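Below: the structure, in structure tokens.
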Amino acid sequence: MTGYVGGTEHHLSGVINFDYTHFLCESSRESWTFSQALMVQVSRWRRRAAIEPDNDSRVFPSEAFASAVSHSLSSLYSDVSNLITLIEEAKKQHIEALNIMLPYALDESELDKIRRKTHVKIIQLEEERDVLQVQLL
């Protein structure tokens with residue numbers, strides 16, 4: 001699972017950690033036939049239906065978040081587009097902060113584009129691992 005929560009399962013908001021590097025690694029290994037891709041999509045729909053608001057009490061916020069974005073992200077999209085999608089979904093779920101682990105740092109023009117499209121505060125940490133800290137509220 002690529003999403004983790006800072007807090008408890010009873011709070012819908014909090015801090016979610018999302019490993020974008022893991023997503024990229026997993027998506028680069030995928031080479032599916034049409035029927036396999038169709039079956040994956042059907043299972044995503046089923047998982048999504050299982051995590052509808054009526055069932056949120058049985059699911060950690062990080063699981064709901066990871067499931068919600070799993071059908072929206074693609075290795076065919078740009079990193080900026082995928083990161084905007086992550087942030088927009090976090091807003092929908094009333095998440096306070098999102099930490100996104102990256103395989104490399106983004107340049108300032110990419111960060112500016114994300115800020116303009118999402119209207120959030122973003123801090124990029126370049127340490128052992130590159131991390132975007134996104135403040136949503």
Side-chain angles (χ1 to χ4, degrees):
M1 169 113 6
T2 57
Y4 305 95
V5 71
T8 67
E9 65 198 87
H10 296 94
H11 295 100
L12 293 179
S13 61
V15 178
I16 299 286
N17 295 325
F18 188 85
D19 192 342
Y20 187 70
T21 304
H22 178 75
F23 158 75
L24 290 175
C25 290
E26 290 297 313
S27 64
S28 70
R29 285 191 257 175
E30 297 172 356
S31 177
W32 297 336
T33 65
F34 175 77
S35 62
Q36 289 172 318
L38 184 60
M39 291 304 293
V40 166
Q41 188 61 42
V42 168
S43 70
R44 286 178 179 166
W45 288 332
R46 287 181 181 154
R47 269 192 316 227
R48 189 171 184 193
I51 306 177
E52 288 303 314
D54 296 344
N55 298 325
D56 274 347
S57 63
R58 296 186 308 228
V59 181
F60 280 103
S62 58
E63 292 172 348
F65 179 76
S67 178
V69 298
S70 68
H71 71 282
S72 302
L73 302 180
S74 172
S75 59
L76 301 176
Y77 301 156
S78 71
D79 291 331
V80 169
S81 177
N82 280 330
L83 294 172
I84 290 170
T85 299
L86 283 172
I87 293 167
E88 292 301 328
E89 184 59 36
K91 284 180 177 180
K92 287 179 193 173
Q93 294 191 23
H94 306 287
I95 293 168
E96 296 169 8
L98 184 61
N99 295 320
I100 306 169
M101 279 59 78
L102 300 169
Y104 42 77
L106 299 177
D107 64 37
E108 201 55 43
S109 66
E110 292 171 312
L111 291 171
D112 287 341
K113 184 173 184 178
I114 295 168
R115 287 181 185 115
R116 276 194 320 274
K117 297 250 183 200
T118 60
H119 307 288
V120 296
K121 180 181 176 186
I122 299 175
I123 299 170
Q124 182 166 238
L125 303 174
E126 297 179 41
E127 299 174 352
E128 193 174 301
R129 236 181 135 178
D130 294 305
V131 176
L132 284 186
Q133 288 185 332
V134 182
Q135 295 297 316
L136 298 152
L137 299 177

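Side chains included, hydrogens not; waters and symmetry mates left out as well; all remaining heavy atoms used. We count residues from 1, following the sequence as given. Being a predicted model, the structure only gives us computed values, none of them experimental.
- Taking 4.5 Å as the limit, every side-chain heavy atom of L98 sits out of range of all side-chain heavy atoms of V15.
- Y104 and Y77 sit in two unconnected hydrophobic clusters of ILVMFWY residues. Membership requires side-chain heavy atoms under 4.5 Å apart, directly or through other members.
- When all heavy atoms of A97 and I95 are compared, the closest pair comes out as O-CG2, 3.1 Å.
- Partner of I114 under the side-chain contact (heavy atoms from CB on, under 4.5 Å) criterion, chosen from V134, L86, L83: L83.
- Annotation: salt bridge (Lys or Arg N to Asp or Glu O under 4.0 Å) contacts of D112 (sequence neighbours excluded): R115.
- For Q124, the side chain to side chain contact (heavy atoms under 4.5 Å, CB included) test picks out L102, A105, L106, L111, E126, L132, with sequence neighbours left out.
- With contacts defined as side-chain heavy-atom distances shorter than 4.5 Å, the pair V69/F23 does not qualify.
- Applying the side chain to side chain contact (heavy atoms under 4.5 Å, CB included) criterion to K117, with sequence neighbours excluded, gives I84, K113.
- Distance check, rounded to the nearest 0.5 Å: CD of E88 to OG1 of T118 gives 6.5 Å.
- Under the side chain to side chain contact (heavy atoms under 4.5 Å, CB included) criterion, T85 pairs with S72, L73, sequence neighbours left out.
- For the pair V120/K91, a side-chain contact is recorded, criterion being any heavy-atom separation below 4.5 Å from C-beta on.
- Contacts of N82 classified as side-chain hydrogen bond (donor to acceptor under 3.5 Å, both in side chains), with partners at least two apart in sequence or in another chain: Y20.
- Taking 4.5 Å as the limit, some side-chain heavy atom of E89 sits within range of a side-chain heavy atom of F65.
- With sequence neighbours left out, E110 forms a salt bridge (Lys or Arg N to Asp or Glu O under 4.0 Å) with no residue at all.
- The line from CD1 of I122 to CD1 of I100 is 7.5 Å long, rounded to the nearest 0.5 Å.
- Atom NZ of K92 sits about 13.0 Å away from atom CG of L136, to the nearest 0.5 Å.
- Every residue meeting the side-chain hydrogen bond (donor to acceptor under 3.5 Å, both in side chains) condition with N99, not counting sequence neighbours, appears here in chain and number order: N17.
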Please walk me through it: do L125 and D130 pass side chain to side chain contact (heavy atoms under 4.5 Å, CB included)? CA-CA 6 Å; L125 303 174; D130 294 305; over 6 Å; no
